[in-house]
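Just so you know, these numbers come straight off a predicted model, no measurement behind them. Each ligand, and each atom within it, is numbered from 1 in the order the structure gives. Hydrogens, waters and symmetry mates are skipped; everything else that's a heavy atom, side chains included, is used.
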Amino acid sequence: MIEVKNLSFKIGNKHILNTIDLIVNKGELFGILGPNGSGKTTLLKNIAGMVAIQTGEVFIDGMELQKYKTKELAKQMAVLPQLNDAPFSFTVYDAIKLGRYSHQSSLFPSWSKLDEEKVNEAITLTNIQHLKDRNVDELSGGERQLVYLARALAQEAKILLLDEPTNHLDVSHQMDLLELLKKLVVEQELTIIAIFHDLNLASLYCDRVFLLKEGSEVCTDKARNVFKHEQLSEIYDTSLETIHHPVVPKSLITFIPSYLEEIIKDDEQRPFINEHTKDWLVLQTTYPYKTLSSAIIGSGFGWSTTFATLHVDKNYLCDNPVEDMKSNLIKKGYDHTRTIGMMTAASLEDASFKEHIDEQFSLKVMVTAGVSNAVDISQASFFHSDEMKQGTINTWIFIEGMMSEAAFAQSIMTATEAKTKAMQVEEIYDKMSNTLATGTSTDSIVIAASQVGSQFEYAGTITNIGRAIGTCVFEATVESLQKYKRRIRDFR
Ligand SMILES: Nc1ncnc2c1ncn2[C@@H]1O[C@H](COP(=O)(O)OP(=O)(O)OP(=O)(O)O)[C@@H](O)[C@H]1O
């Protein structure tokens, strides 16, 4: 365990560190974060004993740092050089052997079988057997970082101190190095303190982070508790947002380029119909809208400029509808990476549009409805088998406003309730259970927001925007269902 108590440090009259207290536990990967010049390296040098402590104390495993003899301290702790430090001109193997120095007797230094084993173990762990005979000064940054790490492992230090270990490394080498450091922490209970400039890597790999500003502690905690966007924006003096990692439960940060905000604000937004035939219904926007969708193309959260529905035969069967839709979009010249793409067997000529405009926001809703396979979801498990046919209600909702993620989720709820009510009013029945249907087998939805203008934290039925969504979706769905019913009747 490392304990720093009341540590202050001055260079000349300048206060570099102000009364720092921190504890780093055994088996912890601990990150030091902070802007340039905030004192991170100075703190690391104090912990490493590379500068004389002026005020305060540092304890390593309960013993004061100054009481350690050099060799004893080296058995406890290794400091990895920064990549821009001049590399030594030894072979890799000899450089790693230097790590055994602290284990040699000063009077009769001798190279033992154990020394040999430890060097080879370190080489295996860092996976650099192929570099053994190369010169350190001719290695790439990533390779050199592994050699430094191998030397520290050969030293059998239980604590590793690293100053910006991922600096100058490409993304794959950054990941490889951090994966290895994490493995050492988990499997060998090493304690690692590392300075990071890349906040996202720190969030992904550190157990806790320590945030410094102008030599003083701002906070120490798990990254998700430290990564508050107001706090980081202020400390780093830049516009940023915290977001959730899409795959693992970690916080990430992302930056907001101001030039884009300006372009978008300058321009009049509004989705416009680009194409409306019996095969395609395509709306487009000048700038990307933030979207939440269940569509086959562009599902989940994303940003889109094209909203396309392709009409398919009611017996449409394809092994890979996603690829099919993609190639259809490409053939038409649409950028599928910026498209919400849906399919429907319903007639596109029956699409219904509703609009709501007021001082706070404007809203456009489009619905296409085909209910040949309407489903009462409360009965579906008992009456419907896997081979359900397609019947689709596609709902598009465009909002000129800035929506939170909660508002997106609530819009989906609100719109679904409105659609179900429209089906009740139009007496659409589930033919299998003979009960009123709540939807169809393959309904799809997109909520698209310009993210410019009024802010909406919520969009449930208690809010103006939620009520407007409900009304527009209800009316558009009723109208589209009536057109569908008329078409079926006329067809018969
Ligand atoms: N030898 C020195 N003489 C004078 N000032 C120094 C010296 N070393 C560091 N400083 C000053 O101390 C402050 C903290 O420096 P330090 O290197 O600890 O910051 P840092 O957070 O590691 O910065 P960076 O992220 O840029 O590496 C800076 O203002 C720096 O200019």
J.: Do you know which two heavy atoms are closest between A459 and S411, and how far apart they sit?
T.: CB-OG, 3.5 Å

J.: What residue and heavy atom of the protein are closest to atom 19 (O) of ligand 1, and at what distance?
T.: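 Result for atom 19 (O) of ligand 1: G39 N, 3.3 Å.
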
J.: Under 4.0 Å from any heavy atom of P35, which atoms of ligand 1 are there?
T.: 21 (O)

J.: What residue and atom, counting heavy atoms only, is the protein's closest point to atom 25 (O) of ligand 1, and at what distance?
T.: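 Closest protein heavy atom to atom 25 (O) of ligand 1: K40 NZ, 2.7 Å.
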
J.: Closest heavy-atom contact between M403 and I399?
T.: CE-CD1, 3.5 Å

J.: Give me the ring orientation class for H356 and F361: parallel if the planes are under 30° apart, tilted from 30 to 60°, perpendicular past 60°.
T.: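 Because their plane-to-plane angle is under 30°, the rings of H356 and F361 count as parallel.
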
J.: Considering only protein heavy atoms, which is closest to atom 3 (N) of ligand 1, and at what distance to one decimal place?
T.: I11 CG2, 3.7 Å

J.: Among all protein non-hydrogen atoms, which one is nearest to atom 18 (O) of ligand 1, and what is the separation to 0.1 Å?
T.: T42 OG1, 2.5 Å

J.: Any side-chain to backbone donor/acceptor pair from S404 onto E457? Under 3.5 Å, distance only.
T.: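 Yes, because the side chain of S404 sits within donor-acceptor range (under 3.5 Å) of the backbone of E457.
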
J.: Of the protein's non-hydrogen atoms, which lies at the shortest distance from atom 26 (O) of ligand 1, and what is that distance?
T.: N36 ND2, 3.0 Å

J.: Need the ligand 1 atom indices (1-based, order shown) with element for anything under 4.0 Å from a heavy-atom of H197.
T.: 25 (O)

J.: What protein heavy atom is closest to atom 11 (C) of ligand 1, reported as residue, atom name and distance in Å?
T.: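 Residue, atom and distance for the closest contact: I16 CD1, 3.9 Å.
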
J.: Which residue supplies the protein heavy atom nearest to atom 30 (C) of ligand 1, what is that atom called, and how far is it?
T.: K14 NZ, 4.4 Å

J.: Give the residue, atom name and distance (to 0.1 Å) of the protein heavy atom nearest atom 17 (O) of ligand 1.
T.: T41 CB, 3.7 Å

J.: Report yes if some N/O of G37 lies less than 3.5 Å from some N/O of ligand 1; otherwise report no.
T.: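 Yes.
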
J.: So, S293 side chain and I445 main chain: donor-acceptor pair closer than 3.5 Å or not?
T.: yes

J.: Any ion pair linking K69 and E72 (charged N to carboxylate O, less than 4.0 Å)?
T.: no

J.: Taking only heavy atoms of E164, which atoms of ligand 1 are found under 4.0 Å from at least one of them?
T.: 27 (O)

J.: Any carboxylate oxygen within less than 4.0 angstrom of a Lys/Arg side-chain nitrogen, looking at K5 and D21?
T.: no

J.: Checking Y236 side chain against G34 main chain: does a donor-acceptor pair fall under 3.5 Å?
T.: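 Yes, because the side chain of Y236 sits within donor-acceptor range (under 3.5 Å) of the backbone of G34.
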
